[in-house]
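This report concerns only the one structure given below.
So you know, we letter chains A, B, ... as the sequences are listed, proteins then strands, and number each from 1.
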Protein chains: 2
Amino acid sequence: MSNTSKSERARPYAGESRATREAARRERLIAAAISVFGTTGYRDATVGGVCEVAGLNKRYFYESFATLEDLLCAVYEVVVADLRRAVLAAEGNDPVTVVRGFIDGFLRWVQDNPVESRVHLFEVLGVSARVDELYRGHARSVGDELCDRLVPTIPGLEPTPGQRRFVGDALVGAGIQIAVDWVLSEQQPPREELLAELDGVLGSLLQLL
Amino acid sequence: MSNTSKSERARPYAGESRATREAARRERLIAAAISVFGTTGYRDATVGGVCEVAGLNKRYFYESFATLEDLLCAVYEVVVADLRRAVLAAEGNDPVTVVRGFIDGFLRWVQDNPVESRVHLFEVLGVSARVDELYRGHARSVGDELCDRLVPTIPGLEPTPGQRRFVGDALVGAGIQIAVDWVLSEQQPPREELLAELDGVLGSLLQLL
DNA sequence: GCAAACTGGTACGGCTTCGTACCAGAAAGG
DNA sequence: CCTTTCTGGTACGAAGCCGTACCAGTTTGC
């Protein structure tokens, strides 16, 4: 019996190689899944539903993913990379600017990406140990990066790794909670007002120094 | 047709009135659900599964709840009441004590209640708009209470409602993130060490003042 | 006792999703 | 062309859960 595996007699189709077509389908599935998970919600999502939105046969789902959870993980990687870019975009040489830039970037991203933000703020949570692990890794990574930017702005500070983890978690956790609260609020104050409140808090903190 | 509704010809059974029996069954369902949601997870939970653990016929589920989500809400109210007691147990007249007591109470509760904490930290998230609303309400409430205790310990501070909300969210969010990170790292390091790190951070903050 | 209410166990139809298979038509290659 | 691969649409069995109904045995009120 000769090798009859799928990749054996691969041919171009519509001018694209097999690998290119597979990758394109994978991207379409991920894009469709972001839409479905971010609107209907992951809990009510089905393989068939995602494929319908993607305009692909169910067969092609299993070509790229084994389970819906695998697709969720791929979706999350895309979403979190985008968020990471947003919250770490700002530069700053003093603590207030760093923290303010982080929160501002977060709220901006949530506002500009309502679907993706629902995926990140709600849908990926509590799905499975594996997804939780992913989530924790990225949260820690962003927290570490924030610490890296924050610590040098405060001379004479040499936190232990454990303290850095504490500060990173606290910053990320605070940002998430503020974002979640903002999203779930019935009447959302404009982002600018929220940031003005933040400035007030940070100002009071500085005044105490 | 005479009234044949269930409550019409109610009789005591095993010495208990109908209302008492119904309430007892409800409690058993809630207790079973905490166990199921906190171990198997809400996502994989079924009505039949919860009833089996509770040792009750499925019929009695629908006697007290219309959907599994209703039961989750009831479960959450029980769990959050317990957590609330834990995180607000400590007294304190200075900011460091208040914050430390909050974090300490949170971690203690997580450590002593692994099942309930999984429900609160993971399972209730991203279920539905209704559950999210519940979650947000309790988080805000705890944040407000923390603010109420924190603000008087810092003389000359009169935060606006918006600023109070900011601080409350930040505290609660930081606490949750720290707890989640701790749980996902299998509670390493031990709670005492983690609190020592917190003391270090708070100490550095004070030193800056 | 005896009828009526209650309990716990089992059973069943209906529904939804999964994962795969089949089929007809388009595109590629010799 | 004519065969082979690829695509998209439809179909189908298997499985799990829902919500309800039925049934046998117990407890209660009269």
Side-chain angles (χ1 to χ4, degrees), chain A residues 1-29 31-33 36-37 40-72 123 127-128, chain B residues 1-29 31-33 36-37 40-72 123 127-128:
Chain A
M1 56 182 78
S2 62
N3 192 337
T4 53
S5 78
K6 218 191 303 183
S7 56
E8 186 64 14
R9 307 210 167 193
R11 285 184 183 173
Y13 199 82
E16 306 290 344
S17 72
R18 161 168 289 279
T20 307
R21 279 174 286 139
E22 276 195 21
R25 283 193 287 260
R26 193 187 144 94
E27 291 309 310
R28 285 173 68 185
L29 283 168
V36 171
F37 296 166
T40 309
Y42 175 72
R43 199 156 247 131
D44 294 328
T46 64
V47 172
V50 172
C51 290
E52 196 175 357
V53 173
L56 288 173
N57 191 285
K58 271 202 283 180
R59 184 198 334 153
Y60 296 121
F61 175 89
Y62 297 101
E63 175 186 70
S64 289
F65 306 99
T67 68
L68 207 59
E69 190 183 313
D70 287 348
L71 176 53
L72 177 66
E123 300 304 325
V127 170
S128 70
Chain B
M1 54 181 80
S2 61
N3 192 337
T4 53
S5 79
K6 217 191 303 184
S7 57
E8 187 65 15
R9 307 208 168 194
R11 285 182 183 174
Y13 199 83
E16 307 291 344
S17 73
R18 160 168 289 279
T20 306
R21 279 175 286 139
E22 277 194 21
R25 283 193 288 259
R26 193 187 143 93
E27 291 308 311
R28 284 173 67 184
L29 283 168
V36 171
F37 296 166
T40 308
Y42 174 72
R43 201 154 244 131
D44 295 327
T46 64
V47 173
V50 171
C51 290
E52 196 174 358
V53 173
L56 288 173
N57 192 285
K58 271 203 283 181
R59 183 200 332 156
Y60 296 121
F61 175 88
Y62 297 100
E63 175 186 73
S64 288
F65 307 98
T67 67
L68 207 58
E69 190 183 314
D70 288 349
L71 176 53
L72 177 67
E123 300 305 324
V127 170
S128 70

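Not one N or O on the side chain of A/Glu16 forms a donor-acceptor pair closer than 3.5 Å with the backbone of A/Arg21.
When distances are taken from the side chain of B/Arg18 to each of C/dG8, C/dC6, D/dC6, the shortest belongs to C/dC6.
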Checklist entry - Which letters describe nucleotides 19-30 of chain D, given B = protein heavy atom under 4.0 Å from base, S = only from sugar-phosphate, - = neither? => result BB-----BSBS-
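Rounding to whole angstrom units, OH of residue A/Tyr60 and C1' of D/dG9 are separated by 11 Å. Between the CG atom of A/Leu68 and the P atom of C/dT16 there is a distance of 18 Å, given to the nearest Å. For B/Leu56 and C/dT10, the CG to P distance is 15 Å, given to the nearest whole Å. Atom C1' of nucleotide D/dC17 and atom CZ of B/Arg43 are separated by 17 Å, given to the nearest angstrom. One atom, CG of A/Asp70, and another, C1' of C/dC18, lie 15 Å apart when rounded to the nearest Å. Rounded to an integer number of Å, the gap from A/Asp44 CG to D/dC18 P is 14 Å. Atom CG in B/Leu29 sits roughly 14 Å away from atom C1' in C/dG8 (whole-Å rounding).
With the nearest nucleotide of DNA chain C identified for both B/Gly55 and B/Arg21, B/Arg21 has the one nearer the 5' end.
With sequence neighbours excluded, no residue forms a salt bridge (charged side-chain N to carboxylate O under 4.0 Å, His left out) with A/Asp44. B/Arg59 is linked by a side chain to side chain contact (heavy atoms under 4.5 Å, CB included) to B/Asn57, counting only residues two or more places apart in sequence or in another chain. With sequence neighbours left out, the ring pair (Phe, Tyr, Trp, His ring centres under 6.0 Å) criterion links B/Phe65 to B/Phe61. Scanning for salt bridge (charged side-chain N to carboxylate O under 4.0 Å, His left out) contacts around A/Arg25 gives A/Glu63, with sequence neighbours left out. Under the side chain to side chain donor-acceptor pair (under 3.5 Å) criterion, A/Glu69 pairs with A/Ser128, not counting sequence neighbours.
A/Gly48 comes within 4.0 angstrom of the backbone, heavy atoms only, and of no base.
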